[in-house]
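Notes to accompany the following structure.
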Amino acid sequence: RFEANVITIYDRWGQQVFFTKDAATGWDGKTNGVMNPAGVYAYVLNVTNVDGSTSVKTGNITLFR
């Protein structure tokens, strides 16, 4: 179990399309109010674990339209 401190999402070219320090704020598939194209995006989560240690979780998400 962990709590996300920072969530960043990148497009396939490595451009940041989303960033938040609020784990309750989700990505709506937009960047600056403009819909992103369908495709695969990478995420990076900086998290605090139950024991107080920190770690980084990474992976991919697919945006469908």
Does any non-hydrogen side-chain atom of [Y] lie less than 4.5 Å from one of [X]?
X	Y	value
Val44	Val56	yes
Leu63	Asn36	yes
Val47	Asn5	no
Val17	Trp27	yes

Do you know the tightest heavy-atom contact between [X] and [Y]?
X	Y	answer
Arg65	Gly29	NH2-O, 3.1 Å
Asp22	Thr20	N-OG1, 3.0 Å
Tyr43	Asn60	CE2-N, 3.5 Å

Practice prompt. Starting at CD of Gln15, measure out to CD1 of Ile9 and round the result to the nearest 0.5 Å.
Written response: 14.5 Å

Response to the item:
Rounded to the nearest 0.5 angstrom, the OG1-CD distance for Thr8 and Gln16 is 5.5 Å

Worksheet entry | Worked check of side chain to side chain donor-acceptor pair (under 3.5 Å) between Asp51 and Ser53 | CA-CA 6 Å; Asp51 65 3; Ser53 65; 2.6 Å; yes

Discussion item. If you apply the rule side-chain contact (heavy atoms from CB on, under 4.5 Å), what do you find for Phe18 with Thr31, and how did you get there?
Written reply: CA-CA 7 Å; Phe18 178 76; Thr31 301; 6.0 Å; no

Fill in: Hydrophobic cluster identity match, Ile7 and Tyr10, side-chain contacts under 4.5 Å
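No, separate clusters.
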
Discussion item. Donor-acceptor check, side chain of Asp11 to backbone of Gly14, threshold 3.5 angstrom: yes or no?
Written reply: yes

